[in-house]
> 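Sharing a structure with you now.
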Number of protein chains: 2
Amino acid sequence: MIIEPQVTDMARIENVPLRVSVADIIRQAILNGTMRPGTPVVEMALAEQLNVSRAPVREAIQILEADGLIESEPYKGKRVKPLTLKEVEELYSLREQFEAFAIRRIVERQVDVSELHTHSDTMFVAAERSDLAALNVADEAFHRALIRLADHGLMLSLWDNLYLRIRQIMALRNSANRDLRAVARNHPPIIAAIEKRDMILAISLISDHTRSASQIAPEELGIAP
Amino acid sequence: MIIEPQVTDMARIENVPLRVSVADIIRQAILNGTMRPGTPVVEMALAEQLNVSRAPVREAIQILEADGLIESEPYKGKRVKPLTLKEVEELYSLREQFEAFAIRRIVERQVDVSELHTHSDTMFVAAERSDLAALNVADEAFHRALIRLADHGLMLSLWDNLYLRIRQIMALRNSANRDLRAVARNHPPIIAAIEKRDMILAISLISDHTRSASQIAPEELGIAP
DNA sequence: GGCTATCAGATTGTCGACAATCTAATGAGC
DNA sequence: GCTCATTAGATTGTCGACAATCTGATAGCC
């Protein structure tokens with residue numbers, strides 16, 4: 001049994017159900033690499049593993065299909081969507097556009113971005129500790145904050161979806177020998193450029209950052225036609 | 001009975017089911033204004049109207065929720081998502097970004113855009129006939145082709161979703177006294193700029209076009225907090 | 001031997017019934 | 001008259017069973 005139903009010990013809070021939603025469990029399994037791209041996704045099998053009926057599993061699969069994590073070839077069953085090189089490029093190029101758009105809005109509206117310093121500082125601490133996981137969390141928080149500060153709800157929701165798949169890619173990638181300090185050092189200049197209202201420089205810096213993050217060897221994706 | 005199950009007379013072709021999917025029926029009802037923003041969406045009621053059980057209706061509602069056409073306040077039921085002025089602005093501003101991004105890719109890759117002439121010509125014919133519906137169809141085809149030619153699958157799928165909601169807005173809007181010829185005339189200069197590889201001009205032209213299309217009076221949305 | 005028809009298996013699609021949960025109205029108590 | 005507990009109603013969530021459909025293997029026929 002690979003996936004187990006996760007039950008929290010916390011009492012109910014507000015409208016959060018005691019049991020973690022089926023979609024969250026499966027999503028987690030996909031994002032942490034337990035269910036790699038190409039893995040078949042069968043309703044009945046998952047229902048048995050999770051001790052629920054097919055209905056909630058079906059609903060969860062549908063959500064993940066909308067997320068773009070699962071694909072369904074009619075009558076050949078569903079499976080974890082295989083990643084292609086083109087798709088990775090599309091993800092990162094779109095991410096670049098979103099960040100540039102966010103910066104334009106932030107500069108135009110003179111939004112206060114002091115929050116970004118916090119995330120940047122956290123990244124340096126993580127880098128010193130060689131704590132890759134913590135660095136990634138802080139990095140994600142930094143970039144999500146940038147999008148959120150642009151005050152564009154639609155873009156933020158698209159960003160969250162985009163980042164799901166970026167997390168999936170990062171989980172598959174061999175990130176053994178990355179220079180954590182170098183990643184952390186990328187960020188303060190971006191903040192500085194935004195605060196100086198130098199839109200062009202800020203966009204240029206963040207584009208370089210995203211492009212360097214998008215490098216991935218095809219063989220790391222498993223298959224890549 | 002407002003919505004009726006639509007059954008085509010055509011025999012089955014390939015994997016296309018005889019009956020139109022429940023999601024399509026409900027989506028159509030939302031987009032053509034039959035189910036206006038705020039209308040409650042109740043599984044059992046729709047199931048009875050469409051003569052199906054709750055399962056397919058449930059699935060359809062979930063799809064439309066992912067599309068952003070339906071929202072669900074926990075335990076208060078689901079309803080057609082009310083449009084706010086901010087949301088309309090976000091939709092059109094994102095559309096503008098997508099089109100600018102598409103033009104950049106098209107110009108950089110020297111993509112052949114001759115297909116756009118066809119759609120533009122169709123728009124002039126429709127404008128001469130004062131055929132607003134035909135004009136809208138051709139206009140949508142023009143802009144979708146622009147995105148498609150950018151060869152970015154992810155953006156194209158996001159565009160399709162975006163345009164769903166734009167269609168919804170256009171259906172609500174009172175478009176009685178629009179100058180159809182003026183709308184048609186917007187497009188040839190855009191094509192010309194792209195073919196001359198004048199990226200800046202092309203983006204500027206299409207931004208103006210989108211911004212003029214985004215004008216809407218708040219009262220036309222029904223409610224707009 | 002190669003081709004086609006038939007059948008078993010697997011998977012998704014649909015159904016009706018029941019359970020869980022919240023909202024809103026009703027009524028008792030102060 | 002106001003507040004709070006109780007209850008009826010509405011709505012969504014979950015379940016097990018059955019139906020429809022395709023895939024792939026097997027057997028029969030030329």
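A quick note: this is a predicted structure, and the numbers were derived from the prediction, not measured. Letters go in sequence order (proteins before strands), and every chain restarts at 1.
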> Of the listed nucleotides (C:dG13, D:dG13, C:dC15), which one gets closest to any side-chain atom of B:Glu43?
D:dG13
> To the nearest Å, how far apart are A:Met44 CE and D:dC15 P?
15 Å
> Return the orientation label for the B:His143 and B:His209 ring planes: parallel under 30°, perpendicular over 60°, tilted otherwise.
parallel
> Give one of base, sugar-phosphate or nothing for A:Val57, where a contact means two heavy atoms less than 4.0 Å apart.
nothing
> Mind calculating the distance between CG (B:Asn51) and C1' (C:dT14) to the nearest angstrom?
14 Å
> Rounding to a whole Å, what distance do you find between A:Leu46:CG and D:dC15:P?
14 Å
> B:Gln62 has an atom CD; how far is it from atom C1' of D:dT12, in whole Å?
12 Å
> Should we count CZ of A:Arg129 as having more than 12 external heavy atoms under 6.0 Å?
no
> With respect to the side chain of B:Val42, which nucleotide from D:dT11, D:dC15, C:dT12 is positioned closest?
D:dT11
> Distance check needed: D:dT14 P versus A:Leu50 CG, whole Å only.
12 Å
> Closest to the B:Lys78 side chain: D:dC15, D:dG13, C:dT14?
D:dG13
> With a 4.0 Å cutoff (strictly under), does any side-chain N or O of A:Arg58 reach OP1 or OP2 of C:dG13?
yes
> For the residue pair B:Phe98 and A:Phe98, categorise the inter-ring angle as parallel (less than 30°), tilted (30 to 60°) or perpendicular (more than 60°).
parallel
> So which nucleotide from C:dC15, D:dT11, D:dA17 ends up closest to the side chain of A:Arg54?
D:dA17
> How long is the span from the CZ atom in B:Arg211 to the CD1 atom in B:Ile206, to the nearest 0.5 Å?
12.0 Å
> Mind calculating the distance between CD1 (B:Ile61) and P (D:dT12) to the nearest angstrom?
7 Å
